[in-house]
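Hydrogens, waters and symmetry mates play no part in the numbers below; they use all other heavy atoms, side chains included. Please read all numbers here as calculations on a predicted model, not as lab measurements.
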Amino acid sequence: MIKRIFLLLLLAPFIITKAQVTSKHNHEFDEQKARQEAAKKGVPARVMGEYINGEKTRFNEQFNPHKDEVRDAYVMIAEPGTNKIIHQGGIQASACGNSDLASNNYTNWTGEIATTCNPGTTYPVATWNTSGINGNGGTPIQLNNSPCNNSTGYQVIHNQPIGALSTVATTAFANGYDDNCKNPSTGFYDLTCTPSNGTNSIRLGSAYSNYTCAKLVYPITVTSSNAQFTYQFAVVIDDGSHPVGEQPCFLFGVKDVNGNLITGVNQNCVQYNVDATAAQTDTSFISNAAPCAGFQVYYRKWRTVTIDLTSQIGNTIYAEFQTIDCPWSGHYSYAYISATCGNLTASVSGFCGG
């Protein structure tokens, strides 16, 4: 059983507070030792925190026989106006079946692909072919395929462990990193294919352009036990230098049964759209040094957003993700996605949705 979690939330412009949970084992994670081992592996200081969080998660999974019953929760209260909450590390079973792809299959997800898209008013518009996930109804399941080396990988599940950083593409992918995203500041491939060790993801699209657009939808019938919806995503976009409505893009929205964005929730939380033009000036994107395809590629590392859906209890809502290539076949967009649901355990201000 989950031990009662006490959150002390202080009124400050920007704080992090940790919910302590009683462990059911006597093993303790040795952070100092983990940092020493990371230094021997050559892990850069700028990603040390991310690496340590992953190692801690892997440690907890290995030694905690009740890992699905325990969580180590982190909450970040954002500055006023940012409307975001970020979870770092920890283990939390999802109250929405397979939203985190833990079953290593497409259960409870629906999806489509497109091999035709046309210029739109703001973003290209895909013509979905209604053939289902991967264009074959999700059979067979695609696992751990490189975005650079699989032209039919529209929706690919990733569950490989995250290992040491590498400057070599093939080694990087084997260690759980995207082999299309090399950071020019460090020389390392540093975009992980999963948000953390022990958490799966699904990749939507690939570095093959050729009009290969893809969509994923996760439906949620909202109850008090799943009204906290957390989605995690990382984005990769190839810049085609096209006009508005023709650039590759990533589109996300939480919609109602009629396909409209849900109301009663902060609209900054239920929608995120970005194309290659916006990525050029968005400082959260990294300009890629050595893409496997495309001339100028930008990538954005994992972000986590949590939405309070209590206003939607009793309704079925749909988390919809799309990656749409440019209409002229030469430039692409793809994204990594994972999600969880749970119940709200505290009342705070600063969450998406209030």
Side-chain angles (χ1 to χ4, degrees), residues 29-64 67-68 71-72 74 86-94 99-104 142-150 153 156-183 185-204 206-207 230-236 286 288 290 292 299-304 334-340:
F29 178 70
D30 189 337
E31 183 172 330
Q32 183 177 0
K33 181 179 178 181
R35 289 184 179 277
Q36 292 172 347
E37 292 176 349
K40 292 179 181 179
K41 293 179 180 179
V43 177
R46 63 187 303 166
V47 296
M48 182 66 74
E50 181 178 340
Y51 175 86
I52 296 299
N53 282 338
E55 290 301 295
K56 185 173 183 179
T57 298
R58 179 155 45 183
F59 177 92
N60 287 338
E61 288 190 314
Q62 179 179 358
F63 289 106
N64 187 356
K67 64 183 180 181
D68 290 333
R71 70 182 182 184
D72 190 11
Y74 290 76
I86 298 178
H87 291 271
Q88 300 182 27
I91 302 168
Q92 181 176 4
S94 178
S99 62
D100 53 2
L101 291 309
S103 299
N104 291 313
Q142 295 212 30
L143 290 171
N144 300 326
N145 292 326
S146 162
C148 295
N149 298 304
N150 184 5
V156 177
I157 295 171
H158 288 267
N159 62 6
Q160 64 263 56
I162 300 171
L165 291 163
S166 174
T167 59
V168 180
T170 53
T171 304
F173 186 72
N175 287 352
Y177 294 86
D178 185 302
D179 53 351
N180 188 38
C181 297
K182 190 173 188 178
N183 192 321
S185 298
T186 64
F188 289 106
Y189 291 87
D190 62 1
L191 174 62
T192 57
C193 296
T194 60
S196 64
N197 271 319
T199 303
N200 291 359
S201 72
I202 187 165
R203 193 185 76 239
L204 189 63
S206 73
T230 298
Y231 61 95
Q232 299 173 282
F233 64 103
V235 182
V236 183
I286 296 171
N288 194 356
C292 62
Y299 68 96
R300 188 176 191 248
K301 293 184 181 181
W302 286 94
R303 297 300 170 100
T304 305
Y334 64 91
Y336 296 90
I337 298 159
S338 187
T340 58

Shortest non-hydrogen contact between [X] and [Y], atoms and distance:
X: Pro147; Y: Ser206; value: O-CB, 3.6 Å
X: Asn145; Y: Phe173; value: C-CZ, 3.5 Å
X: Ala290; Y: Lys182; value: CB-CD, 4.1 Å

Rounded at 0.5 Å granularity, tell me how far [atom1] in [X] sits from [atom2] in [Y].
X: Ile286; Y: Asp190; atom1: CD1; atom2: CG; answer: 5.0 Å
X: Leu191; Y: Arg300; atom1: CG; atom2: CZ; answer: 12.0 Å
X: Leu143; Y: Ile202; atom1: CG; atom2: CD1; answer: 10.0 Å
X: Asn200; Y: Thr194; atom1: CG; atom2: OG1; answer: 7.5 Å
X: Asn150; Y: Asn144; atom1: CG; atom2: CG; answer: 11.5 Å
X: Arg203; Y: Tyr336; atom1: CZ; atom2: OH; answer: 5.0 Å

Do the side chain of [X] and the main chain of [Y] share a donor and acceptor less than 3.5 angstrom apart?
X: Trp302; Y: Thr192; value: yes
X: Arg303; Y: Val235; value: no
X: Asn197; Y: Ile162; value: yes

Does a side-chain heavy-atom distance below 4.5 Å link [X] with [Y]?
X: Pro195; Y: Thr304; value: no
X: Asn183; Y: Phe188; value: no
X: Tyr334; Y: Asp178; value: yes
X: Leu165; Y: Tyr177; value: yes

Contacts of type side chain to side chain contact (heavy atoms under 4.5 Å, CB included), residue Cys148, not counting sequence neighbours
Ser146, Asp179, Asn180, Cys292
Holding to side-chain hydrogen bond (donor to acceptor under 3.5 Å, both in side chains), I want the full list of residues that pass it with [X], two or more places apart in sequence or in another chain.
X: Gln160; value: His158
X: Asn175; value: none
X: Ser99; value: Ser94
X: Asn288; value: none

So which pairs with a foot in residues 163-172 pass side-chain hydrogen bond (donor to acceptor under 3.5 Å, both in side chains), sequence neighbours left out?
none
